[in-house]
Engineer: 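One structure, pasted below without further comment.
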Protein chains: 2
Amino acid sequence: MVQRGRRTERVSGDERQDAILVTAEALLGERALDDISIEELAKGAGISRPTFYFYFSSKDEVLLALLDRVIDQVERQVGALPRNFESDPVGAWTRSIGMFIDVFVAHRAVATAAIAARGRNAEVRALWSRSMQSWADFTTGVIQSEQSRGAAPGGIDAHDLAVGLNLMNERVITAVLNRESPTVAESRALDVLSTIWIRSIYGSDHPEIP
Amino acid sequence: MVQRGRRTERVSGDERQDAILVTAEALLGERALDDISIEELAKGAGISRPTFYFYFSSKDEVLLALLDRVIDQVERQVGALPRNFESDPVGAWTRSIGMFIDVFVAHRAVATAAIAARGRNAEVRALWSRSMQSWADFTTGVIQSEQSRGAAPGGIDAHDLAVGLNLMNERVITAVLNRESPTVAESRALDVLSTIWIRSIYGSDHPEIP
DNA sequence: CGAGATAGTCAACACCGTGTTGATTGATGC
DNA sequence: GCATCAATCAACACGGTGTTGACTATCTCG
């Protein structure tokens with residue numbers, strides 16, 4: 001971008017702050033947060049280490065800022081989830097789980113770093129749990145309505161079921177993305193997850209359609 | 001313990017090594033490994049920091065040693081898993097999952113620390129995955145035989161299903177133990193997990209018994 | 001315009017945790 | 001009584017974090 005108007009040698013604060021975030025996200029694509037020094041983040045943004053502290057009070061604050069943006073997208077994504085569970089339960093659930101996977105894939109670096117930081121940082125933990133809550137709440141609502149219209153068996157609390165299945169998604173997807181072992185082939189992950197969801201919500205591969 | 005025989009001022013190496021492990025496990029009950037310094041481990045074992053390095057080359061080595069002992073127990077535990085799936089599928093699965101939970105509860109500190117370290121340490125990752133593999137292999141075998149005797153529907157690879165469900169167990173149990181949110185009440189965890197297992201393996205709450 | 005506020009910057013410092021070196025000590029065996 | 005070996009630790013080197021205090025550029029308002 002070309003400088004317009006009077007030449008200002010000094011770059012604005014917002015640009016610097018953004019440069020730190022961009023640098024952080026790029027480096028998180030290669031390495032864990034622990035292996036990235038504040039020096040590197042500062043260098044990447046063209047500033048010195050003490051100046052970094054002018055913008056963020058720690059590395060974790062940077063992660064928090066990145067995670068914040070992801071959370072916003074998650075909430076938008078959850079709002080755009082399919083609603084046609086009565087007419088096409090299997091398709092609707094599969095598309096919901098597909099969205100969950102897509103968010104993880106799109107923000108792989110931030111998600112991985114957040115999961116690692118969750119253990120030691122309460123703010124990260126709170127923010128992460130907020131986004132999982134979004135999925136769980138949506139899921140709970142759908143399961144409840146499927147149960148009350150008689151398509152899904154009861155015998156288990158809808159919220160418990162929703163939480164269990166969403167935690168499974170989180171864990172299976174991180175295992176797939178990090179190529180852990182044991183794991184599931186990436187190409188089959190969506191199929192495996194939706195099969196488990198359908199069977200454990202409806203007690204069958206072919207839920208009734210009114 | 002009272003000194004017997006000739007008085008030896010100096011304690012034996014094995015005792016020291018053990019004292020480090022005992023100290024580590026105790027401290028891991030309160031704090032994460034990152035928040036425990038080698039100084040503390042050394043102090044707890046009655047030695048100086050440099051001497052710690054005579055016994056272990058790093059903090060992670062200590063965790064690895066603790067984890068090793070857990071792995072042994074896991075393998076013994078898996079060997080003792082019920083085999084009466086044909087006559088009482090629901091009971092047998094419930095007892096298997098119960099054992100999984102028991103191992104986590106019994107070694108909560110080590111398990112939590114290992115999960116946190118898994119992200120940065122390849123050896124911890126390898127060791128952890130070995131124990132998950134034990135559960136997954138056992139589970140895969142049972143699912144396969146249930147599928148081939150016609151009690152469980154196919155449509156999904158037995159190993160994929162086994163891995164997915166075991167990863168769910170790991171994640172749900174850690175969420176419960178760490179009182180994360182969203183989570184499942186501790187008292188209902190076993191019930192929730194076994195319901196999901198039964199439904200997704202058999203496609204029903206009441207598998208056929210020959 | 002000029003004085004004071006405000007935003008941004010960084011050299012230098014204090015601190016803490018890790019891992020290493022090299023010298024020392026007490027048992028053990030020959 | 002001498003050599004060996006396991007065990008020990010003071011002292012050091014290093015790298016990362018977070019803070020201080022002084023400095024500079026830009027903006028603002030009388």
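What you see below is based on every heavy atom in this structure, not just the backbone, and it leaves out hydrogens, waters and symmetry mates. The structure displayed is predicted, hence computed values, not measured ones. In the text below, chain A, chain B and the rest are named by the order of the sequence lines, each starting its count at 1.
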Engineer: Atom CZ of B/F54 to atom C1' of C/dT25: distance rounded to whole Å?
Structural biologist: 14 Å

Engineer: When the distance from CD1 of B/I47 to C1' of D/dA10 is rounded to whole Å, what number comes out?
Structural biologist: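 These atoms are roughly 15 Å apart.
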
Engineer: Using a cut-off of 4.0 Å on non-hydrogen atoms, how would the nucleic acid contact of A/S37 be classed: base, sugar-phosphate, or nothing?
Structural biologist: sugar-phosphate

Engineer: Is the shortest distance from a Lys or Arg side-chain nitrogen in A/R69 or A/E25 to a carboxylate oxygen in the other one below 4.0 Å?
Structural biologist: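 Salt bridge: yes.
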
Engineer: Rounded to the nearest angstrom, tell me the gap between atom CG in A/D34 and atom C1' in D/dG15.
Structural biologist: 15 Å

Engineer: From the options C/dT20, D/dT17, D/dC9, select the nucleotide whose nearest atom is closest to the side chain of B/S48.
Structural biologist: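 It is D/dC9.
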
Engineer: Indicate whether the side chain of B/S145 and that of B/S148 have a donor and an acceptor atom separated by less than 3.5 Å.
Structural biologist: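 There is no such pair between these side chains.
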
Engineer: Rounded to whole Å, please give me the gap between NZ in B/K59 and C1' in C/dG19.
Structural biologist: 13 Å

Engineer: Apply the test side-chain hydrogen bond (donor to acceptor under 3.5 Å, both in side chains) to residues A/N166 and A/T139: give CA-CA distance (whole Å), side-chain angles for both, the deciding distance (0.1 Å), then the verdict.
Structural biologist: CA-CA 8 Å; A/N166 276 289; A/T139 311; 3.2 Å; yes

Engineer: Between C/dG19, D/dG18, C/dT9, which nucleotide has the shortest distance from any of its atoms to the side chain of A/S58?
Structural biologist: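 Within the option list, the nearest is D/dG18.
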
Engineer: With no hydrogens and no angle check, just 3.5 Å: does a side-chain donor-acceptor pair link B/N169 and B/W135?
Structural biologist: no

Engineer: Using whole Å, report how far OH of B/Y53 lies from C1' of C/dG22.
Structural biologist: 17 Å

Engineer: Please evaluate the base of C/dG19 for a donor-acceptor partner in the side chain of B/R49 within a cut-off of under 3.5 Å?
Structural biologist: yes

Engineer: Take atom CD of B/E61 and atom P of C/dT18, then tell me their distance rounded to the nearest Å.
Structural biologist: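 After rounding, the reported distance stands at 15 Å.
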
Engineer: Does a nitrogen or oxygen in the side chain of A/T51 sit under 4.0 Å from OP1 or OP2 of C/dC10?
Structural biologist: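 Checking A/T51 against C/dC10: at least one side-chain N or O falls below 4.0 Å of OP1 or OP2.
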
Engineer: Between A/Y55 and C/dA7, is there a side-chain N or O to OP1/OP2 distance below 4.0 Å?
Structural biologist: no

Engineer: Measure from CG on B/L41 to P on D/dC9 and round the result to the nearest Å.
Structural biologist: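 Distance, rounded to whole Å: 15 Å.
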
Engineer: Mind calculating the distance between CD1 (A/I38) and C1' (C/dC15) to the nearest angstrom?
Structural biologist: 14 Å

Engineer: Taking NZ, NE, NH1 and NH2 as the nitrogens, is one of them in A/E180 or B/R125 under 4.0 Å from a carboxylate oxygen of the other?
Structural biologist: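 Looking at A/E180 and B/R125, the cut-off is not met.
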
